[in-house]
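Scope of the values below: all heavy atoms of this structure, side chains included, with no hydrogens, waters or symmetry mates. In what follows, chains carry the letters A, B, and so on, assigned in the order in which the sequence lines appear, proteins first and then strands, with residues in each chain numbered from 1.
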Protein chains: 2
Amino acid sequence: MQNVVALKRTNASEQVAEAVRAMIVDGRLAEGERINEVRLSTALGVSRTPLREALGRLAAEGALTSAPNLGYFVRPLTLEEFEDVYGLRPILDPEALRLAGLPSPERLARLEALNRDLAKARTPEEAIALDDAWHLELLADCPNRLLLEMIGNVILRTRRYELALMRETVNVLNATGEHDAILAALGASDLDGACRALKRNMQSGREPILAWLSERAPNPKADPRP
Amino acid sequence: MQNVVALKRTNASEQVAEAVRAMIVDGRLAEGERINEVRLSTALGVSRTPLREALGRLAAEGALTSAPNLGYFVRPLTLEEFEDVYGLRPILDPEALRLAGLPSPERLARLEALNRDLAKARTPEEAIALDDAWHLELLADCPNRLLLEMIGNVILRTRRYELALMRETVNVLNATGEHDAILAALGASDLDGACRALKRNMQSGREPILAWLSERAPNPKADPRP
DNA sequence: ATTCTGCATACTGTATACAGTATGCGCAGC
DNA sequence: GCTGCGCATACTGTATACAGTATGCAGAAT
């Protein structure tokens with residue numbers, strides 16, 4: 001693992017966790033797939049020990065599931081997890097915004113710039129990354145770091161669903177209008193209105209994914225064991 | 001936490017994680033204490049590998065912190081974490097109750113019984129355990145299991161603070177009245193009123209701990225490195 | 001042809017060995 | 001006496017070895 005840029009971080013398992021997390025959210029590890037520890041560890045250039053520690057952390061985060069004597073599996077995309085994960089953001093995000101308070105002019109300008117970039121995004125990956133960045137920027141002043149951490153985790157879990165939908169159906173995320181509404185309220189110093197608009201924004205992404213999920217019936221070729 | 005039923009416990013690291021988690025919340029491992037992996041693993045009768053996997057999970061849960069090349073430390077009780085953790089429950093719990101809806105008569109009866117037991121509790125440990133059980137029972141019908149899991153984790157993190165306060169000052173938790181108010185609203189089918197009362201209940205425990213925390217200045221004898 | 005049984009194989013779970021880094025103490029130098 | 005350097009020690013981070021369990025296949029029995 002010495003080929004990784006700078007060894008500022010002495011910790012291999014941390015880097016491995018990051019790498020595997022990325023492989024999961026962008027689909028290089030398919031949903032339901034069983035993790036072969038030997039293959040994956042050699043592919044990453046580390047031994048099984050740090051890989052397993054990383055897998056354990058990812059399981060705690062919800063990206064993986066584990067089955068005794070079978071090992072780890074990439075968590076399948078299910079209606080149940082989707083309902084849970086998407087049900088949380090309309091709760092968490094508005095509260096975080098309320099705690100963050102009205103944004104500074106600089107932050108407001110960055111939010112508007114990000115939103116313009118989002119309108120110009122062409123690939124699903126780009127659009128989702130910019131949308132996520134916009135929301136994290138919106139909440140950056142929230143003093144409750146634990147709440148922010150939870151939101152970050154929830155964002156990662158939603159990303160898999162959004163990516164899967166956008167790749168299978170050419171549905172392009174169009175949240176710039178909703179973002180504008182939030183920014184307008186913030187510009188008018190209407191924090192409460194912004195929270196309400198944010199809540200609506202967090203609920204609106206739900207329907208298309210829900211429809212797609214419930215119509216694709218059983219999981220494609222995923223190992224359904226966990 | 002997420003393994004509610006666990007049919008077959010073949011897994012050592014899981015049991016180790018549970019054991020160490022208990023040692024942390026009830027104070028057998030002091031706040032800020034550095035974890036000696038060799039000592040702890042032999043004390044638990046396992047090797048370092050499963051212990052380390054457990055420690056990694058506990059770090060992900062927030063019970064431990066890790067420092068490169070120094071290992072794991074029991075997370076110290078800090079004002080910052082306290083504000084974060086206690087700030088979350090007034091957000092999460094009422095939303096979970098709203099999703100759970102009005103309780104069945106059986107659940108209502110169990111809640112009243114638990115509350116009577118709580119009124120008779122004599123030790124801090126007993127009172128806290130009953131209070132936690134009451135809240136989990138209140139929210140048991142919440143369909144969002146992920147939200148429940150988060151609340152469970154937050155409860156564990158608050159428990160350390162409540163225990164520490166009650167052991168150092170003879171302050172006895174007295175939440176039965178607030179619980180009664182919630183139950184009264186639920187009995188009158190006033191879900192919204194119950195949610196508001198629950199929010200107040202979640203905020204009221206804050207002040208005494210806050211006062212105690214800010215007056216005890218620097219950490220007692222804890223290693224402040226992490 | 002089908003089903004059951006036993007074996008070979010592959011992979012996980014755990015223990016242990018080894019290397020690299022932080023830490024504390026003693027000793028030299030001032 | 002005080003400070004700085006260097007070595008000894010202890011502990012973490014990682015690799016590897018070993019044991020136990022699940023899985024798939026082949027061959028026998030029906």
Enquirer: Restricting to side chain to side chain donor-acceptor pair (under 3.5 Å), what partner residues turn up for B:Glu53, sequence neighbours left out?
Expert: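 Result, side chain to side chain donor-acceptor pair (under 3.5 Å) vs B:Glu53: A:Arg52.
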
Enquirer: For A:Leu156, what residues pass the side chain to side chain contact (heavy atoms under 4.5 Å, CB included) criterion, not counting sequence neighbours?
Expert: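 Per chain and number, A:Leu156 pairs via side chain to side chain contact (heavy atoms under 4.5 Å, CB included) with A:Arg21, A:Val25, A:Arg159.
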
Enquirer: Nearest-Å distance, CG (B:Leu51) to P (C:dA15)?
Expert: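 It works out to 10 Å between those atoms.
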
Enquirer: Just the table, please: protein N/O against nucleotides 6-11 of chain D N/O, every pair under 3.5 Å.
Expert:
residue : atom : partner : partner atom : Å
D:dC11  : OP1  : B:Asn36 : ND2          : 3.1

Enquirer: Is A:Arg48 near enough to D:dT16 that one of its side-chain N or O atoms lies under 4.0 angstrom from OP1 or OP2?
Expert: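 No, no such contact exists.
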
Enquirer: Does any pair with a residue in residues 71-81 of chain B pass salt bridge (charged side-chain N to carboxylate O under 4.0 Å, His left out), and if so which ones, sequence neighbours excluded?
Expert: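 As it turns out, the salt bridge (charged side-chain N to carboxylate O under 4.0 Å, His left out) pairs with a partner in residues 71-81 of chain B, which skip direct neighbours, are B:Glu81-B:Arg157.
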
Enquirer: Show me the pairs that pass ring pair (Phe, Tyr, Trp, His ring centres under 6.0 Å) and involve residues 129-152 of chain A, at least two apart or across chains.
Expert: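 Checked against ring pair (Phe, Tyr, Trp, His ring centres under 6.0 Å) - neighbours excluded - the pairs reaching residues 129-152 of chain A are A:Trp134-A:His179, A:His135-A:His179.
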
Enquirer: Roughly, in whole Å, what's the span from CZ in B:Arg52 to P in D:dT16?
Expert: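 From B:Arg52 CZ to D:dT16 P: 16 Å.
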
Enquirer: With a 4.0 Å limit, can you tell me whether A:Ser13 has a side-chain N or O closer than that to the phosphate oxygens OP1/OP2 of D:dG13?
Expert: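 The answer is no; no side-chain N or O of A:Ser13 sits under 4.0 Å from OP1 or OP2.
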
Enquirer: With a 4.0 Å cutoff (strictly under), does any side-chain N or O of B:Thr49 reach OP1 or OP2 of C:dG13?
Expert: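 B:Thr49 to C:dG13 OP1/OP2: no side-chain N or O under 4.0 Å.
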
Enquirer: Please report, rounded to the nearest Å, how far the P atom of D:dA15 is from the CD atom of A:Glu53.
Expert: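 So the two atoms are 11 Å apart, to the nearest Å.
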
Enquirer: C:dT14 C1' sits how many Å from B:Leu44 CG, rounded?
Expert: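 Nearest whole value for this atom pair: 15 Å.
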
Enquirer: Salt bridge check, B:Glu31 against B:Arg216: does any charged N sit closer than 4.0 Å to a carboxylate O?
Expert: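 Yes, charged N to carboxylate O under 4.0 Å.
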
Enquirer: Among pairs that include at least one residue of residues 41-50 of chain B, which meet salt bridge (charged side-chain N to carboxylate O under 4.0 Å, His left out), considering only residues two or more places apart or in two chains?
Expert: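 For residues 41-50 of chain B: B:Glu37-B:Arg48.
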
